[in-house]
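All remarks here apply to the structure that follows.
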Amino acid sequence: MAVHSTHRDGVLVVALDNPPVNALSPDVLVDLVAALDAGEADPSVRAFVLAGRNGIFSGGADIRWFGKTPPAGTPFLPEVIARIEASPKPFVAAIEGTAFGGGLEIALACDRRLASPRAKVALPEINLGLLPGAGGTQRLPRATGSAAALRFILSGAPVEADDALRLGIVDGVESGDLLEAACAQAAALEARSRLSGRSATAEPDAFVAARAQLPAIEQGGLAAHRCADAVEAATKLPFEQGLARERELFLELLSSEQSKSRIHVFFAQREAAKVPDVPADTPVADVRTVCVVGAGTMGTGIAMALANGGLQVRVVEASGDVLARGRALIEKNYAASARKGRFSEAAVAERLGRMHFGTDLTVAADADLVIEAVFEELDIKREVFGRLETICRPDAILATNTSTLDIDAIATDSARAGDIVGLHFFSPANVMKLLEIVRGTHTSARAVATSLAKTIAKIPVVARTCDGFIANRMLAPYGRETMQLVEEGAWPQDVDRVMERFGFPMGPFRMFDLAGLDVGWRIRKRRLAEGKLSAVRDSEIGDRLCELGRYGQKTGAGIYRYDDGRTPQPDPEVEALIVAESARLGIERRPMSDDEILNRCMLALINEGAKALEDGTAIRPGDCDIAWIYGFGFPAYRGGPMHYADTLGLSRVRDDLFALSERHGAHWRPAPLIERLAARGGRFADLGAYEAKAPAWT
Ligand code: 3HC
Ligand code: NAI
């Protein structure tokens, strides 16, 4: 049974039980209606209390069923809610833990809502490109006023019990026995008191102001606009007509590409934390204390990310001066966060209180995890790991934040290669959500499972060690292509405009300027010195700019000029340099359409993602999507590069890649995986974990 009923002094307690989150699956809905029928027919039942087992009220509608036909006879969630509302007997919702989406909508159909102090409520449908489609947009404005309801629904974010009480979403917070209090209140209710019987406040200004802030419909804002339309309907239409309007808008969203993409992201993110050969019951280290080695750009950001997650952090630098600089940077960053209201002063003090700074690596002796973030030099890193091996506890996990080095090379000669793992954070590490967990040949399941545990509050993706892992490996051909487009006739600002309109928060050239053009320049110089040039020609535009001291935003000029330090402005000097470079290469510059720019950038990403799947670097296509959404700001409403490829259709992707290979060279040939999938009308979405790995095809 997915629902359990128990009698308590004339009250029927109906508890949802569908672990882990009591999602409102067909089973739950069928059992819930049966419980309501039984309770209504039973004269000894005066009232109902709706509750949830598993420490949660409900995570909402079962997302896995969206777009599918449920088994015959399954009631529809809005019908179940209408059933609750139509009942002659009163209802109290006892909200323990989370009441999200359809879960909260069920509670809103009850006469009263009582929450435990730890409860959280949200209507997060907007994060799935949807709107609350089971009455939430009509009932909530009648409880909180329409302006507050609009803010709540547009943010999609959870609200704690006390705030929910203040807003009028719940009627009480019970710190004692929640069920007992809910039963007592239900028994005392004389008559029904339905939100549908109230009216919603008009507040038209709130709608004008909110709409002005929303992203455009085609730029990921479809759900937000429809949420506003639905809440506004509550202020203008009678309840039943408002519900009908909500339904109509919900169905429009459900069939939209934006919603399908976001739902894909929801599941891909959770899938990414599952690794086939690292079973869920793999023992993990209990990580409480982390030592971060190196207090440069990354070390300081990582230290903040860890302290924000509640961990004790020891920051170790080579010299006292650099350490002091790193510490000052952290303090400045936190002070800015406090000024912006992101953290309270007390929260900042708490975080700083969890950090210790020093120059003696032996403080790593009691660390559960060490994260090395020293210079990107193999010898230096190996030296640090050599010392860590003698200092650290035998059960400590030893991680490197390297972005380009081979984990196996760092672990060579190590007696503890199993404990060594890559933890690749993205800059700024206290802001960017992605964490690539990089496995070397010998990395143990324990090291991977520990890195995956939610102690490091990041979104993880697991990669095998290779040049660039997943995210940067895909960045390489994308970056190369943006430069190629510029050599052929586009201007950097054209490429940025196209990619920003596509949905990236920042076009590639602005991003390169922000990251520093010198990073790539140094890598290319090193490769040249080592005789390891890439098979595909790299543009020299970045090198020319660096030779002029134009490293990007940090030097006030790169691809753009930054007269005020932050606003990119196209620079005639750079345009002249680009024209000269085109001439040197014998390229006759030509106008470049927006479609060509977009297509070539996307195809570069998709083809490399497919290659990363084929050689087993990435486990599944969704992992490439998550890496690019959370590492580089690929728009979530387009689902990530591999999902986007599926929406284009893989036969079109294959044909376009062949066409490009004829014009621009063999490096454009489609990955065999794309050819094979296209030949059978397949999609990336059909591939399970490691199913794309080449041996599976032979
Ligand atoms: N439907 C189906 N599965 C769900 C689900 C849902 N609503 N919510 C969570 N799950 C699944 C996850 O996929 C995951 O499955 P897995 O173990 O197989 O990977 C499992 O439950 C646990 O989820 P989390 O790892 O996210 O667990 P947490 O404890 O960290 O978080 C949560 C729990 C806060 C409920 C979080 O899962 C969440 O935010 N869920 C989504 C809530 C949501 O968007 N609800 C709205 C649904 S749409 C709706 O209700 C439409 C209605 O208006 C008509
Ligand atoms: P950085 O140069 O800003 O910082 C490195 C710090 O390590 C310096 O402060 C240096 O004094 C310190 N250091 C050097 N040897 C040391 C030792 N033996 N003991 C203690 N401290 C030592 O470099 P950054 O950018 O922070 O990079 C660090 C690592 O992170 C590199 O491996 C880099 O590839 C990687 N990385 C960098 C990203 C970026 O965007 N900057 C992104 C992701 C990874």
Side-chain angles (χ1 to χ4, degrees), residues 18-25 54-66 76-78 81 97-106 120 122-137 153 156 158 246-247 250 253-254 259 262-263 266-267 269-274 280 292-302 315-319 321-323 325-326 329 358-361 371-378 380-381 383-384 387-388 400-405 410 422-429 432 434 436 454 469 471-472 514-516 519 523 631:
N18 181 22
V21 302
N22 300 338
L24 304 167
S25 62
N54 314 305
I56 179 169
F57 186 78
S58 169
D62 191 329
I63 306 166
R64 284 167 302 197
W65 281 93
F66 284 171
F76 188 46
L77 177 60
I81 290 180
T98 300
F100 279 8
L104 181 57
E105 290 175 296
I106 287 184
K120 284 193 179 122
L123 289 174
E125 285 85 345
I126 192 166
N127 301 327
L128 303 173
L130 295 172
L131 55 76
T137 66
I153 290 172
E246 177 193 85
R247 190 79 221 140
F250 180 80
L253 292 178
L254 195 57
S259 171
R262 287 190 188 272
I263 290 174
F266 177 86
F267 286 117
Q269 188 179 321
R270 281 153 183 82
E271 251 337 268
K274 295 173 191 145
V292 178
V293 189
T297 312
M298 293 309 290
T300 48
I302 294 169
V315 183
V316 180
E317 244 302 332
S319 83
D321 287 355
V322 187
L323 181 73
R325 214 172 53 210
L329 192 74
T359 52
D360 181 359
L361 194 59
I371 303 176
E372 164 279 309
V374 305
F375 298 132
E376 188 73 343
E377 299 281 343
L378 184 59
I380 301 182
K381 291 205 191 278
E383 203 254 331
V384 170
R387 291 189 57 208
L388 287 172
T400 169
N401 182 47
T402 181
S403 45
T404 58
L405 300 172
I410 294 173
L423 286 184
H424 185 216
F425 290 78
F426 286 70
S427 179
M432 297 305 289
L434 182 65
E436 267 181 322
K454 288 182 179 173
F469 316 136
N472 282 342
L514 190 67
V519 179
I523 293 174

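All ligand and atom numbering here is 1-based and tracks the order in the structure. Please read all numbers here as calculations on a predicted model, not as lab measurements. Only heavy atoms go into these numbers, but all of them, side chains included; no hydrogens, no water, no symmetry mates.
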I want to confirm something. Looking only at heavy atoms, which of Q269, R262, E125 is nearest to atom 51 (C) of ligand 1? E125
So which heavy atom in the protein is nearest atom 5 (C) of ligand 2, and how far is it from that ligand atom? A373 O, 3.6 Å
Do you know the tightest heavy-atom contact between F267 and I63? CE1-CG2, 3.7 Å
Does any N or O of ligand 2 fall below 3.5 Å from an N or O anywhere on E383, backbone included? no
Short version for L123: what comes under 4.0 Å of ligand 1, heavy atoms counted, is neither
Which protein non-hydrogen atom lies closest to atom 11 (C) of ligand 1, naming both residue and atom, and how far is it? V21 CG2, 4.6 Å
So do the side chains of L123 and L104 get within less than 4.5 Å of each other, counting heavy atoms only? yes
If the cut-off is 4.0 Å to any non-hydrogen atom of F267, which atoms of ligand 1 fall inside it? 13 (O)
Residue, atom name and distance, where the atom is the protein heavy atom closest to atom 9 (O) of ligand 2: E317 OE2, 2.5 Å
When rounded to the nearest 0.5 Å, the distance separating CD1 of I523 from CD of E376 is 7.5 Å
Could you tell me whether some N/O pair between R270 and ligand 1 is separated by less than 3.5 angstrom? yes
Ligand 2 N/O within reach of M298 N/O, cut-off under 3.5 Å: yes
Please state which protein non-hydrogen atom is closest to atom 43 (C) of ligand 2 and give its distance, to 0.1 Å? F425 O, 3.2 Å
Inter-residue atom distance I302.CD1 - I371.CD1, 0.5 Å rounding: 5.5 Å
Closest contact, heavy atoms only, E246 versus G135: OE1-N, 2.6 Å
Is there at least one pair of N or O atoms, one from P132 and one from ligand 1, spaced under 3.5 Å apart? no
Does E372 reach ligand 2, in the sense of a heavy atom lying below 4.0 Å from it? no
When you look for heavy atoms under 4.0 Å from ligand 1, do you find them on the side chain of F57, its backbone, both, or neither? neither
Protein residue, atom and distance nearest to atom 34 (C) of ligand 1, heavy-atom basis: F100 CE2, 3.5 Å
Look up atom 15 (O) of ligand 1 and tell me if a protein heavy atom lies less than 4.0 Å from it? no
Check each heavy atom of A61 against ligand 1 and say whether those closer than 4.0 Å belong to the side chain, the backbone, both or neither. both
What protein heavy atom sits nearest atom 52 (C) of ligand 1, and how far off is it? E105 OE1, 3.4 Å
Any protein heavy atom nearer than 4.0 Å to atom 24 (P) of ligand 1: yes
Which residue and atom name correspond to the protein heavy atom nearest atom 40 (O) of ligand 2, and how close is it? S427 CB, 3.4 Å
Nearest 0.5 Å please: distance from the CG atom of L128 over to the CG atom of L254. 10.5 Å
Does any non-hydrogen side-chain atom of V315 lie less than 4.5 Å from one of V293? no
re atom 2 (C) of ligand 1, the protein heavy-atom contact at minimum distance is D62 OD1, 3.2 Å
Considering only non-hydrogen protein atoms, determine which one is nearest to atom 18 (N) of ligand 2 and report residue, atom name and distance to 0.1 Å. V384 CG2, 3.7 Å
Quick check: closest heavy atoms across M298 and F425, and the distance to 0.1 Å? CE-O, 3.4 Å
Protein heavy atom under 4.0 Å of atom 15 (N) of ligand 2: yes
Closest protein heavy atom (residue, atom, distance) for atom 1 (N) of ligand 1: I63 N, 2.9 Å
Are S403 and N472 close enough that some pair of their side-chain heavy atoms sits under 4.5 Å apart? yes
Please list the nearest protein heavy atom to atom 30 (O) of ligand 1 with its residue and the distance rounded to 0.1 Å. K454 NZ, 3.1 Å
Nearest heavy-atom pair of K381 and I410: which atoms, and what distance? CD-CD1, 4.0 Å
F57 versus A99, closest heavy-atom pair with distance: CD2-CB, 3.8 Å
Atom 20 (C) of ligand 1 has as its nearest protein heavy atom P20 CG, 3.6 Å
Supply the atom-to-atom distance L514 CG to S427 OG, rounded to the nearest 0.5 angstrom. 7.5 Å
What is the closest protein heavy atom to atom 35 (C) of ligand 2, and at what distance does it sit? N401 O, 3.3 Å
Would you say N401's side chain and G422's backbone share a donor-acceptor pair under 3.5 angstrom? no
Any N or O of T402 that comes nearer than 3.5 Å to an N or O of ligand 2? no
Working to the nearest 0.5 Å, report the span between CD of E317 and CG of L361. 11.0 Å
Within-cutoff protein neighbour (heavy atom, under 4.0 Å) for atom 49 (C) of ligand 1: yes
What I want to know is whether T297 and ligand 2 share at least one N or O pair that is separated by under 3.5 angstrom. yes
In this structure, CZ of R262 is separated from CG of L253 (nearest 0.5 Å) by 11.0 Å
Do T400 and E372 have a side chain donor and acceptor closer than 3.5 Å? yes
Side-chain donor/acceptor of E436 to backbone N/O of A471, under 3.5 Å: yes
Is any N or O atom of G102, backbone or side chain, closer than 3.5 Å to an N or O atom of ligand 1? yes
Do R270 side-chain atoms and F266 backbone N/O form a donor-acceptor pair below 3.5 Å? yes
Ranked by distance from atom 17 (O) of ligand 1, the top protein heavy atom is K274 NZ, 4.2 Å
Taking N or O atoms only and a 3.5 Å limit, does G133 qualify as a polar contact for ligand 1? yes
Taking the side chain as every heavy atom from C-beta outward, state whether T98 and P158 have any pair of such atoms under 4.5 Å apart. no
Look only at the side chain of N54 and the backbone of N22, and say whether a donor-acceptor pair between them is shorter than 3.5 Å. no
With a 4.0 Å cut-off on heavy atoms, is F66 touching ligand 1? yes
Atom indices of ligand 1 within 4.0 angstrom of G101 heavy atoms, with elements: 46 (C), 50 (O)
Protein contact of atom 21 (N) of ligand 2 - nearest heavy atom, named by residue and atom, plus distance: A318 N, 3.3 Å
Looking at every heavy atom in both G129 and S259, which two are closest together, and how far apart are they? O-CB, 3.5 Å
Looking only at distances, can you tell me whether any N or O atom of G59, backbone or side chain, sits closer than 3.5 Å to an N or O atom of ligand 1? yes
I'd like to check whether I56 has a polar contact with ligand 1, where a contact means an N/O of the residue lying under 3.5 Å from an N/O of the ligand. no
Relative to ligand 1, is E271 under 4.0 angstrom through side chain, backbone, both or neither, heavy atoms considered? neither
Between A273, P124, P158, G60, flag the one that comes closest to atom 43 (C) of ligand 1 by a heavy atom. P124
Flag this pair as yes if the NZ/CZ of R64 is under 6.0 angstrom from the six-membered ring centre of F66 and inside a 45 degree cone about the axis; otherwise no. no
for atom 22 (C) of ligand 2, nearest protein heavy atom and its distance come out as V374 CG1, 3.5 Å
